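Worksheet for the structure shown next.
Letters A, B, ... are given to chains in the order of the sequence lines, protein chains preceding strands, and every chain is numbered from 1. Side-chain atoms are counted along with the backbone in the values below, which use heavy atoms only and exclude waters and symmetry mates. Everything quoted here is computed from the prediction, not taken from an experiment.
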Amino acid sequence: MSLSPDEVKKIAFLARLSIQEEHVDQYSQDLSNIFGLVEQMNAAATDNIEPMAHPQDAMQRLRDDVVTETNQRDKLMANAPLKEDGLFLVPKVLD
Amino acid sequence: MINKTLAELSSSLKAGEFSSVELTQYFLDRITKHDADLNSFITVTEEQALAGAKNADEQIASGSSGALTGIPIAYKDLFCTDGIRTSCASKMLDNFIAPYNATAVEKLTEAGMPMLGKTNMDEFAMGSSNENSFYGAVKNPWDLERVPGGSSGGSAAAVCAKLAPVALGTDTGGSIRQPASLTGITGIKPTYGRVSRFGMIAYASSLDQGGVFASNAEDCALVLGMMSGFDAKDSTSVDRDVPDFSAALNDSIQGLKIGVPKEFFGEGLDSGIDKVIQEALEEYKKLGAEIVEISLPNTHLAIPSYYVIAPAEASSNLSRFDGVRYGYRCEDPVDLTDMYMRSRGEGFGTEVKRRIMTGTYALSAGYYDAYYLKAQKIRRLISNDFKQAFEKVDVIMGPVSPETAFKIGEKTDDPISMYLADIYTLSLNLAGLPGMSIPAGEANNMPVGLQIIGNYFEEGKMLNIAHQFQQVTDYHKRVPTQFGEEK
């Protein structure tokens, strides 16, 4: 299993991670090694085995559809890198 | 002072031998004196600690105190603490002030425990050496050139060096048990669902579980009992009564059946560690236990399946860090995509990026069945191995890590070799089982932990088994000379 530098760049874009050009080869090698390890799974017979998503096979609980949260807008927005009038500011999205 | 159990500290507080303010100041002074050598804290919260201690003293004076009132504690820096920076040891959250308390923190604060500070860790809990921290590596108190293990290395080092009497950590693939083993202290990861994950910054949600580091099993029992229980704010919290974990500590273990998986003693295990574990098992025989060889045949598949499931869940969880609502934002983004890419590229460290990309690839179109689904099927096989074993035995024991603490920098160029050292811890997280590490001896002049694996929700029995060992051994009482009590 090997992941080429071009594939690494594609994955990095999918994950929205900027990667410096000089580090691409290293990531390519590291990810190839990781997937080399992962491929040991192929030897395991898993026909008719149910995938396990939760350790106790529990289902997600549902709660009544009522408002429980109080309004803490200012407190929750205090960490925003850029804000104005109770809104998050981002670079221009539409021309 | 540093050698007292939490119950002894509590008695002294109630008897008025010293106040919580004095006790808390004592540990703050030890942090000031020693932490420059260890780097175990990211943030020391002196003001909050003393305010909490003052409250505790008032409760004690009014006779409304509980078993932990006035005893200070430290939190791994991924537990959200209201009004206090919660960094996850990442540049991404270097400026993040948590707007609420994690449920575990809330419960222990209500129990009257003053917060000493937030401990260092591998960034976003990804790592086994505590070298992946934006705030620098943590040192092992037994040898400052060596790692304390990870990812909860700061909590482990702080408890080992007696900078805090107790600390919380989290364990996604061994992050409580392995550092407890490498620093010679007691650590417990409870059953998945036992402790609320609310307010614990997520790494891999189906594996993450909060737990405790302390000097001994008795102390762990007190704190774990106080922080456990159902929480409606965590959708995977288990609605089940929490027994009094301290009640069973002194039960006899005569006739206990201990399963020893042969797969935990194969190639790669340090011979000194092997010897320590065999001697610990001999000690258990003297206590009346029976040793039964068992097999967990899919153990070798734990590493490959974990390194699909955990990164896949991480890539999803960490997508929330977008530079918009909180956390790091790059300078002068030209457009939205540039802002996302550079904020994340600059804000996350190398190991975090490696795991996000691993997970992104494993979940990408066309690969889902081959990787994520296959890994989840293997997870079932591993879980079934344990189910079958627990039909024959009461508890399972073995090593925690195949090696003792290694030198800082020794493995940084080879992430895979670090992944391979998680072989004995990962399978419990995949199955959701509880696990402990207790100090059982030394190899290569460094501490060695014995792993105790219990069946689901049997933390009380595990703590009993650990406590019985600690009644006849003194490994848990050892403190590195440099960090001994001031004369």
Counting only heavy atoms not in B:Y367, do more than 12 sit closer than 6.0 Å to its OH atom? no
Between A:M52 and B:R379, which heavy-atom pair has the shortest distance, and what is it? O-CD, 3.4 Å
Where on B:T191 is there a heavy atom nearer than 4.5 Å to chain A: the side chain, the backbone, both, or neither? side chain
Heavy atoms from other residues, nucleotides or ligands near CG of A:N42 exceed 12 (cutoff 6.0 Å): yes
Do you know which of B:Y306, B:F348, B:Y361, B:F96 has the most heavy-atom pairs under 4.5 Å to chain A? B:Y361
Kindly indicate whether the side chain of B:Y192, heavy atoms from C-beta on, has any atom under 4.5 Å from the side chain of A:H54. yes
Taking 4.5 Å as the heavy-atom cut-off, does anything in residues 328-343 of chain B contact chain A, and if so which residues? B:R329, B:P333, B:D335, B:L336, B:T337, B:M339, B:Y340, B:M341, B:R342
Using heavy-atom distances under 4.5 Å, tell me whether B:Y371 contacts chain A through its side chain, its backbone, both, or neither. both
Distance-minimising heavy-atom pair for A:N79 and B:I97: ND2-O, 2.7 Å
Using a 4.5 angstrom heavy-atom cutoff, name the option from B:G432, B:S305, B:G345, B:P304 with the most pairs to chain A. B:P304
Who wins among B:S315, B:A375, B:A98 for the most heavy-atom pairs under 4.5 Å with chain A? B:A375
Under 4.5 Å from any heavy atom of chain A - which part of B:S206: both
Residue list, side chain to side chain donor-acceptor pair (under 3.5 Å) with A:S4, at least two apart or on another chain: A:E7
Within residues 20-33 of chain A, which positions have a heavy-atom distance to chain B below 4.5 Å? A:Y27, A:D30, A:L31, A:N33
What pair of heavy atoms forms the shortest contact from A:A44 to B:K374, and how long is it? O-NZ, 2.8 Å
Below 4.5 Å, heavy-atom pairs only: which of B:V324, B:L301, B:L318 has the largest tally toward chain A? B:V324
What part of B:Y372 is in contact with chain A, defined as an atom under 4.5 angstrom from a non-hydrogen atom: side chain, backbone, both or neither? neither
Enumerate by number any residue of residues 60-68 of chain A whose heavy atoms lie under 4.5 Å from heavy atoms of chain B; in the absence of such residues, state 'none'. A:Q60, A:R61
Contacting moiety of B:D413, where chain A heavy atoms sit under 4.5 Å: neither
Evaluate whether atom NZ of B:K411 has more than 12 neighbouring non-hydrogen atoms of other residues, nucleotides or ligands under 6.0 angstrom away. yes
Sort A:I19 into side chain, backbone, both or neither according to what part of it lies under 4.5 angstrom from a heavy atom of chain B. side chain
A side-chain contact here means heavy atoms from C-beta on lying under 4.5 Å apart; do A:D57 and B:R380 qualify? yes
Taking side chain as everything from C-beta outward and backbone as N, CA, C, O, which of these in B:A370 sits under 4.5 Å from a heavy atom of chain A? Side chain, backbone, both or neither. backbone
Mind checking the OH-CG spacing from B:Y326 to A:L76? Nearest 0.5 Å is all I need. 10.5 Å
Give a yes or no on whether A:K75 atom NZ has more than 12 heavy-atom contacts from other residues, nucleotides or ligands under 6.0 Å away. yes
So, B:R344 side chain and A:A15 main chain: donor-acceptor pair closer than 3.5 Å or not? yes
Here the pair of heavy atoms bringing A:P55 nearest to B:A431 is CB-O, 3.6 Å
d(A:L37 CG, B:L420 CG) to nearest 0.5 Å is 6.0 Å
Counting only heavy atoms closer than 4.5 Å, note whether B:F457 contacts chain A via side chain, backbone, both or neither. side chain
Return the minimal non-hydrogen interatomic distance between B:K377 and A:T46, and the atom names on each side. CD-O, 3.7 Å
Tell me, for A:V93 versus chain B, whether the close heavy atoms (under 4.5 Å) come from the side chain, the backbone, both or neither. side chain
Please state whether the side chain, the backbone, both or neither of A:F35 comes within less than 4.5 Å of a heavy atom of chain B. side chain
If you round to the nearest 0.5 Å, how far is CD1 of B:I356 from CG of A:L17? 5.0 Å
Chain B interface, residue from A:Q72, A:K92, A:Q40, A:E50 that has the most non-hydrogen pairs under 4.5 Å: A:E50
Contacting moiety of B:I416, where chain A heavy atoms sit under 4.5 Å: side chain
